[in-house]
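From a predicted model like this one, the values you see are computed outputs, not experimental measurements.
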Amino acid sequence: MNILVFGPNGSGKGTQGAIVQKKYGMPHIESGAIFRQNIQGDTDLGKQAKEYIDRGDLVPDDITIPMILNRLQEDDCKQGWILDGFPRNKVQAESLDKALKDAGMNLDYVIEIVLPRDVAKLRITGRRLCVNDNNHPNHIAFDAIKPVEKDGKMVCRVCGGDLKTRPDDQDDEAIDKRHDIYYDDKTGTMAAVNFFKQLGGGVKVISVDGRPSIGEVTDAIMKELG
Ligand code: AMP
C-alpha cells in the first residue's frame, strides 16, 4: 500500500503517519526528518539544507526531489510506503507522479488532514522531538501525548529519551512562511494536494478534519484505510 500524507505543519500529520506505519509496517518517509538527520550528522546534504529550513523556506527542488525519489527505490519500499512532507509544491507533485508511473508504482491513498491556519499555528510551538525516534510524538499541550517527568525534567513519553524543539518551530516568521507555502493553492502544497486529488486512476482520497483528538483523527483515517 502506497500512501501520501498531507497536512499543514501542526496538523499532526507526522503523528498520524507514525500510527499508520505501526499498523501496516511500511516505512514512514518524512522529508523533513531526513533533512534533520542530515543536519544532525553534519553531512553535505544537511549543510545545504539547514539555512532554508531555519528560515521556513523549501529546500530547493533539485536537492529534495532526487533525495525522495531515490529513497522510494530502496528495498524496504517494495512492500509499500507512507510519504510525509513530500510533495510540497506542484513541481514536486508532477515529478513524483512521473517517477511513480515510470517505476510502475501505484499510489493507493492520499490522506489530507484539514486544519485551519490559526489552529495549526497554535499547535506548533508546543511540540517536542524525541532524540531517539522521530516517530515518538510528544506535545506539551495534549494530554494523550504529553512528555513525562523523569529526574526533574520532561522526557519522551514513549522511550524516556531526551526531548528537543525544532528551531523552525520557535520562530514566528518561519512558521508563517511554512504556512504560506502550505496553503498556497497556485504553486504550493495545496496545489500538490489538488493535483493528486484530481488525478483519478484508482487513488482514494481520505480527507479528515484535523481538529478532534489524535485518537479520533486516527479512527477517521483507519475507517477509510480498512
Ligand atoms: P517538516 O518536518 O515536514 O515540517 O519539514 C521541515 C522543513 O524541511 C521544511 O520547512 C522545509 O524547509 C524542509 N522540507 C521538508 N520537506 C520538503 C520538501 N518536500 N521540499 C522542500 N523542502 C522540504
Side-chain angles (χ1 to χ4, degrees), residues 1-34 58-62 64-117 120 178-212 216-226:
M1 189 154 61
N2 299 330
I3 304 173
L4 291 184
V5 189
F6 290 103
N9 297 103
S11 64
K13 109 185 120 65
T15 301
Q16 296 298 336
I19 293 170
V20 173
Q21 173 199 40
K22 218 167 173 184
K23 173 151 185 200
Y24 295 98
M26 70 275 259
H28 179 204
I29 301 165
E30 287 186 79
S31 45
I34 298 175
L58 290 185
V59 177
D61 286 343
D62 60 346
T64 309
I65 293 174
M67 175 182 91
I68 293 298
L69 298 186
N70 290 336
R71 177 68 187 85
L72 291 177
Q73 294 297 327
E74 287 179 26
D75 273 354
D76 63 341
C77 289
K78 292 205 164 64
Q79 309 303 324
W81 38 261
I82 310 168
L83 191 49
D84 168 345
F86 185 97
R88 216 52 165 233
N89 61 27
K90 200 164 175 214
V91 173
Q92 293 181 5
E94 287 163 352
S95 304
L96 177 65
D97 179 47
K98 182 176 181 311
L100 294 181
K101 285 184 173 133
D102 288 350
M105 273 186 198
N106 285 330
L107 180 63
D108 299 296
Y109 291 98
V110 170
I111 299 175
E112 180 194 15
I113 302 177
V114 181
L115 197 67
R117 186 168 171 158
R178 283 185 284 158
H179 282 156
D180 283 345
I181 295 165
Y182 186 84
Y183 292 97
D184 170 4
D185 62 3
K186 301 283 183 294
T187 59
T189 312
M190 278 312 297
V193 176
N194 293 334
F195 175 89
F196 281 102
K197 276 177 150 176
Q198 288 156 17
L199 202 57
V203 183
K204 191 166 175 206
V205 179
I206 303 175
S207 276
V208 295
D209 181 357
R211 284 171 302 183
E216 286 168 290
V217 176
T218 304
D219 288 347
I221 293 172
M222 293 301 180
K223 207 170 71 193
E224 302 281 334
L225 280 181

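Around the NZ atom of Lys90, the shell of radius 6.0 Å holds no more than 12 heavy atoms that belong to other residues, nucleotides or ligands. Within 6.0 Å of the CZ atom in Arg117, the count of heavy atoms belonging to other residues, nucleotides or ligands exceeds 12. Within a 6.0 Å radius of CD in Gln79, no more than 12 heavy atoms belonging to other residues, nucleotides or ligands are found.
Applying the side chain to side chain donor-acceptor pair (under 3.5 Å) test to pairs two or more places apart or on separate chains, those with a residue in residues 187-196 are Asp184-Thr187.
The backbone N or O of Val110 sits nowhere less than 3.5 Å from a side-chain atom of Lys197 that would complete a donor-acceptor pair. Between the side chain of Tyr182 and the backbone N or O of Gly7, at least one donor-acceptor pair lies under 3.5 Å. Looking at Asp108, its side chain does come within 3.5 Å of a backbone N or O of Asn2 through a donor-acceptor pair.
With a 4.5 Å cut-off on side-chain heavy atoms, Trp81 and Leu72 count as touching.
The side chain to side chain contact (heavy atoms under 4.5 Å, CB included) test with Gln21 singles out one residue from Ile29, Ile3, Ile82, and that residue is Ile82.
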Could you give the side-chain donor-acceptor pairs of residues 95-103 under 3.5 Å, partners two or more places apart or in another chain?
from: Ser95; atom 1: OG; to: Val91; atom 2: O; distance (Å): 2.9
from: Asp97; atom 1: OD1; to: Lys101; atom 2: NZ; distance (Å): 3.1
from: Asp97; atom 1: OD2; to: Lys101; atom 2: NZ; distance (Å): 3.0
from: Lys98; atom 1: NZ; to: Asp102; atom 2: OD2; distance (Å): 2.8

**OP:** Apply the test side-chain contact (heavy atoms from CB on, under 4.5 Å) to residues Ile19 and Lys22: give CA-CA distance (whole Å), side-chain angles for both, the deciding distance (0.1 Å), then the verdict.
**Re:** CA-CA 5 Å; Ile19 293 170; Lys22 218 167 173 184; 5.7 Å; no
**OP:** Apply side-chain contact (heavy atoms from CB on, under 4.5 Å) to Leu225 and Tyr109, showing your working.
**Re:** CA-CA 8 Å; Leu225 280 181; Tyr109 291 98; 3.6 Å; yes
**OP:** Start with the C-alpha distance between Asp219 and Met222, add both sets of side-chain angles, then the distance that settles side-chain contact (heavy atoms from CB on, under 4.5 Å), and finish with yes or no.
**Re:** CA-CA 5 Å; Asp219 288 347; Met222 293 301 180; 5.6 Å; no
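Between Asp76 and Arg71 there is a salt bridge, since a side-chain N of the basic residue sits under 4.0 Å from a carboxylate O of the acidic one.
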